[in-house]
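The analysis underlying the following values was restricted to heavy atoms, covering all of them including side chains, and did not include hydrogens, waters or symmetry mates. Atoms within each ligand, like the ligands themselves, are counted from 1 in listed order. Just so it is clear, the model here is predicted, and its values are computed rather than measured.
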Amino acid sequence: MSDLLAKPLSIPIPNLVLGLVDSREAAAMSGLDLLRAIVAQDLPAPPMAGIMQQWIHEVKEGFVVFLGNPDQRYLNPMGIVHGGWAMTLLDSALGCAVHTTLGPGSTYASLGTEIKFVRPVLSNAAQVRCIAEVQSRGKSIATAVGRIADSMGRLLATGTSTCFIRPAAVQAMQEEP
Ligand SMILES: CC(C)(COP(=O)(O)OP(=O)(O)OC[C@H]1O[C@@H](n2cnc3c(N)ncnc32)[C@H](O)[C@@H]1OP(=O)(O)O)[C@@H](O)C(=O)NCCC(=O)NCCSC(=O)Cc1ccccc1
């Protein structure tokens with residue numbers, strides 16, 4: 001994890017195609033395949049990727065890398081990037097790390113995400129990177145850990161998330177009329 005965070009960043013923002021994946025199409029794919037398709041831009045990134053300037057960059061089972069471009073739109077009255085921006089980045093990355101472990105038809109939701117702000121995110125920080133990994137995966141609960149670093153590899157924040165997983169069979173029953 002630390003090696004990746006130490007790499008300097010110069011990755012341009014992709015020309016994100018924003019939208020929602022059709023729910024039936026999404027349900028037919030594993031979480032890993034769905035997220036890979038979004039990274040490859042074969043499927044659209046969610047609308048919030050454009051609003052927050054945060055997007056998924058790399059994905060493998062139990063592991064994701066998100067990138068984000070903090071800019072002046074996210075400043076709080078104290079002139080640093082609002083903590084919610086970093087929280088959103090971590091919550092997305094931690095949730096997506098868990099999503100990579102799901103089979104077709106399963107769904108998940110974050111139950112709680114905790115963040116520690118180590119250094120302020122500055123709007124001239126160029127680009128930040130968030131790396132998240134699944135720590136444990138049970139039948140219904142998964143935990144993931146992650147960290148955000150700036151373009152110089154300095155640690156900005158750390159976080160953990162607990163996610164609730166709804167297996168495909170249970171999800172299908174809930175969707176029955
Ligand atoms: C400062 C402290 C809280 C304590 O740190 P300590 O343990 O005593 O350590 P230290 O003082 O050494 O500082 C560590 C490093 O940080 C650097 N640095 C610090 N300040 C600045 C600066 N201004 N600009 C640039 N850099 C700064 C400092 O140089 C050092 O860097 P270095 O190691 O030399 O390279 C630190 O943990 C921190 O900033 N955390 C992030 C908190 C955060 O961002 N929270 C979320 C946003 S709040 C929010 O949105 C809520 C809200 C909404 C609406 C309205 C109002 C509020």
Side-chain angles (χ1 to χ4, degrees), residues 1-21 31 34-35 38-39 44-60 62-102 107-137 141-165:
M1 190 183 263
S2 54
D3 284 355
L4 262 169
L5 285 171
K7 279 187 196 167
L9 291 173
S10 58
I11 298 163
I13 185 165
N15 190 13
L16 294 172
V17 177
L18 303 174
L20 284 180
V21 181
L34 178 76
L35 293 173
I38 292 174
V39 171
M48 66 170 293
I51 293 163
M52 301 302 286
Q53 291 289 287
Q54 300 174 352
W55 65 98
I56 191 166
H57 171 67
E58 189 183 326
V59 59
K60 54 190 180 186
F63 177 93
V64 301
V65 178
F66 266 67
L67 300 178
N69 287 348
D71 66 36
Q72 299 203 337
R73 285 173 296 175
Y74 313 116
L75 293 180
N76 68 20
M78 295 187 301
I80 58 176
V81 172
H82 194 286
W85 189 86
M87 175 65 170
T88 301
L89 181 60
L90 259 169
D91 194 44
S92 298
L94 294 165
C96 284
V98 170
H99 196 173
T100 65
T101 70
L102 302 191
T107 59
Y108 77 100
S110 304
L111 290 183
T113 296
E114 186 177 349
I115 185 167
K116 302 288 182 211
F117 302 107
V118 178
R119 284 191 180 81
V121 178
L122 304 176
S123 65
N124 60 3
Q127 193 168 75
V128 304
R129 185 187 307 238
C130 181
I131 293 174
E133 287 177 300
V134 172
Q135 223 173 18
S136 68
R137 166 69 156 91
I141 299 290
T143 58
V145 296
R147 46 205 282 158
I148 300 175
D150 69 11
S151 57
M152 305 295 287
R154 283 178 304 210
L155 186 66
L156 301 177
T158 62
T160 58
S161 195
T162 307
C163 293
F164 172 69
I165 294 162

Is there side-chain contact between L75 and V81, with heavy atoms separated by less than 4.5 Å?
-> yes
Check ligand 1 against the protein and report each N/O to N/O distance under 3.5 Å, formatted as atom name, atom name, distance.
| from | atom 1 | to | atom 2 | distance (Å) |
| --- | --- | --- | --- | --- |
| ligand 1 | 31 (O) | R119 | NE | 3.3 |
| ligand 1 | 33 (O) | R119 | NE | 3.3 |
| ligand 1 | 33 (O) | R119 | NH2 | 2.8 |
| ligand 1 | 35 (O) | R119 | NE | 3.3 |
| ligand 1 | 37 (O) | V118 | O | 2.9 |
| ligand 1 | 40 (N) | F117 | O | 3.1 |
| ligand 1 | 40 (N) | V118 | O | 3.4 |
| ligand 1 | 50 (O) | N76 | ND2 | 3.1 |
| ligand 1 | 50 (O) | G83 | N | 2.8 |

So do E114 and K116 actually touch side chain to side chain, heavy atoms under 4.5 Å?
-> yes
Does the side chain of D71 come under 3.5 Å of the side chain of S123 through a donor N or O and an acceptor N or O?
-> no
Check whether any side-chain heavy atom of T160 sits under 4.5 Å from a side-chain heavy atom of L94, and report yes or no.
-> no
Short side-chain donor-acceptor distance under 3.5 Å, T158 and R147 | no
Could you point out which residue of V65, V145, I148 forms a side chain to side chain contact (heavy atoms under 4.5 Å, CB included) with I131?
-> V65
